[in-house]
Amino acid sequence: QVQLVESGGGLVQAGDSLRLSCAASGLTFAFYTTGWFRQNPGKEREFVASISWTGSTIDYADSVQGRFTISRDRAKNTAYLQMNSLKPEDTASYYCALRRPGGEYKYWGQGTQVTVSS
């Protein structure tokens with residue numbers, strides 16, 4: 001019954017911005033860490049960013065530090081990934097996921113495609 005749905009992906013040019021959304025149903029974000037990941041066919045899944053349920057701990061991959069911002073709106077049960085200064089290397093399918101503190105990511109969305117042209 002738990003469902004995570006990503007949206008906001010698209011085709012953009014280098015330097016443009018996108019905001020990805022992750023809407024959750026069947027649970028609330030309370031007590032969960034929210035993470036964003038990305039992956040291309042035949043490649044390893046890559047960690048992008050995460051935020052703890054309290055919002056006190058936020059982590060970013062070095063490759064997106066300073067360009068991406070993760071946030072949550074608990075009232076709307078929605079997480080966001082603001083992506084600025086996009087590069088072709090950011091092209092991937094982006095997924096949101098949830099885990100308990102200290103646990104593994106248990107719930108995953110279906111992904112949204114981001115394509116950045118040069």
Side-chain angles (χ1 to χ4, degrees):
Q1 296 184 118
V2 175
Q3 186 176 31
L4 303 177
V5 179
E6 301 95 335
S7 62
L11 173 62
V12 298
Q13 292 185 318
D16 286 350
S17 297
L18 284 172
R19 189 181 73 162
L20 305 183
S21 298
C22 174
S25 61
L27 84 171
T28 69
F29 284 137
F31 308 111
Y32 284 96
T33 290
T34 302
W36 283 95
F37 297 81
R38 63 189 183 187
Q39 189 171 27
N40 283 303
K43 303 295 184 180
E44 289 288 319
R45 183 178 63 203
E46 179 186 9
F47 169 80
V48 176
S50 66
I51 183 170
S52 64
W53 74 275
T54 64
S56 62
T57 303
I58 298 176
D59 294 307
Y60 296 99
D62 290 343
S63 59
V64 306
Q65 183 74 239
R67 299 188 297 118
F68 290 10
T69 302
I70 188 172
S71 63
R72 284 194 319 208
D73 186 335
R74 289 189 286 184
K76 296 181 178 180
N77 223 27
T78 301
Y80 304 96
L81 184 69
Q82 178 67 44
M83 307 186 296
N84 297 327
S85 301
L86 283 163
K87 305 175 181 179
E89 293 75 24
D90 296 318
T91 295
S93 292
Y94 283 72
Y95 301 85
C96 66
L98 303 179
R99 65 172 176 85
R100 295 287 193 182
E104 300 178 350
Y105 283 98
K106 182 177 181 180
Y107 302 107
W108 293 82
Q110 293 297 109
T112 185
Q113 178 67 35
V114 173
T115 302
V116 185
S117 66
S118 60

Practice prompt. Specify the closest pair of heavy atoms between K43 and Q39, including all atoms of both residues, with the distance to one decimal.
Written response: O-NE2, 3.1 Å
Item to complete: Output every pair passing salt bridge (charged side-chain N to carboxylate O under 4.0 Å, His left out) with a member in residues 60-81, not counting sequence neighbours, ordered by first then second residue.
Response: R67-D90
Fill in: More than 12 heavy atoms from other groups under 6.0 Å of CD on Q113
yes
Worksheet item: Which residues satisfy the side-chain contact (heavy atoms from CB on, under 4.5 Å) test with T54, sequence neighbours excluded?
Response: S52, S56
Worksheet, complete the sentence: Heavy-atom nearest pair, R100 first then A30, reads NH1-O, 4.1 Å
Discussion item. Could you measure the distance from the OG atom of S118 to the CD atom of Q13? Nearest 0.5 Å is fine.
Written reply: 9.0 Å
Item to complete: Find out whether T112 and S7 are in side-chain contact, i.e. whether some heavy atom of one side chain is under 4.5 Å from a heavy atom of the other.
Response: no
Worksheet item: By side-chain hydrogen bond (donor to acceptor under 3.5 Å, both in side chains), which residues pair with Y94, not counting sequence neighbours?
Response: R38
Fill in: Qualifying residues under ring-ring contact (aromatic ring centres under 6.0 Å, His included), relative to Y107, sequence neighbours excluded
none
Fill in: ring-ring contact (aromatic ring centres under 6.0 Å, His included) involving F29 - partner list, sequence neighbours excluded
none
Practice prompt. Can you measure from CZ (F37) to OH (Y95) and round to the nearest 0.5 angstrom?
Written response: 12.5 Å
Worksheet entry | Main-chain N/O of A23 paired with T78 side-chain donor or acceptor, under 3.5 Å | no
Worksheet item: Is L4 reachable from L81 through a run of I, L, V, M, F, W or Y residues, each pair having side-chain heavy atoms under 4.5 Å apart?
Response: no
Discussion item. Do L20 and V64 land in one hydrophobic cluster if side-chain heavy atoms of ILVMFWY residues count as linked below 4.5 Å?
Written reply: yes
Discussion item. Within this structure, what is the OG1-CE distance for the pair T69 and M83, rounded to the nearest 0.5 Å?
Written reply: 11.0 Å
Item to complete: Tell me whether I70 is reachable from Y80 by hopping between hydrophobic residues (I, L, V, M, F, W, Y) whose side-chain heavy atoms are closer than 4.5 Å.
Response: no
Discussion item. Please determine whether residues V48 and Y60 belong to a single hydrophobic cluster, defined as Ile, Leu, Val, Met, Phe, Trp and Tyr linked transitively by side-chain heavy-atom distances below 4.5 Å.
Written reply: yes
Worksheet entry | Single-linkage hydrophobic cluster L98~W36, side-chain heavy atoms < 4.5 angstrom | no
Response to the item:
In short, salt bridge (charged side-chain N to carboxylate O under 4.0 Å, His left out) pairs touching residues 3-20 with sequence neighbours left out are none
Worksheet item: Is the count of non-hydrogen atoms from other residues, nucleotides or ligands lying under 6.0 Å from Q110 atom CD greater than 12?
Response: no
Discussion item. Does any part of the side chain of F68, heavy atoms only, come nearer than 4.5 Å to the side chain of L86, both counted from C-beta?
Written reply: yes
Worksheet item: Just how far is it from atom OG of S25 to atom CG of N77, taken to the nearest 0.5 Å?
Response: 8.5 Å
Worksheet item: Taking it one step at a time, do W108 and V2 satisfy side-chain contact (heavy atoms from CB on, under 4.5 Å)?
Response: CA-CA 9 Å; W108 293 82; V2 175; over 6 Å; no
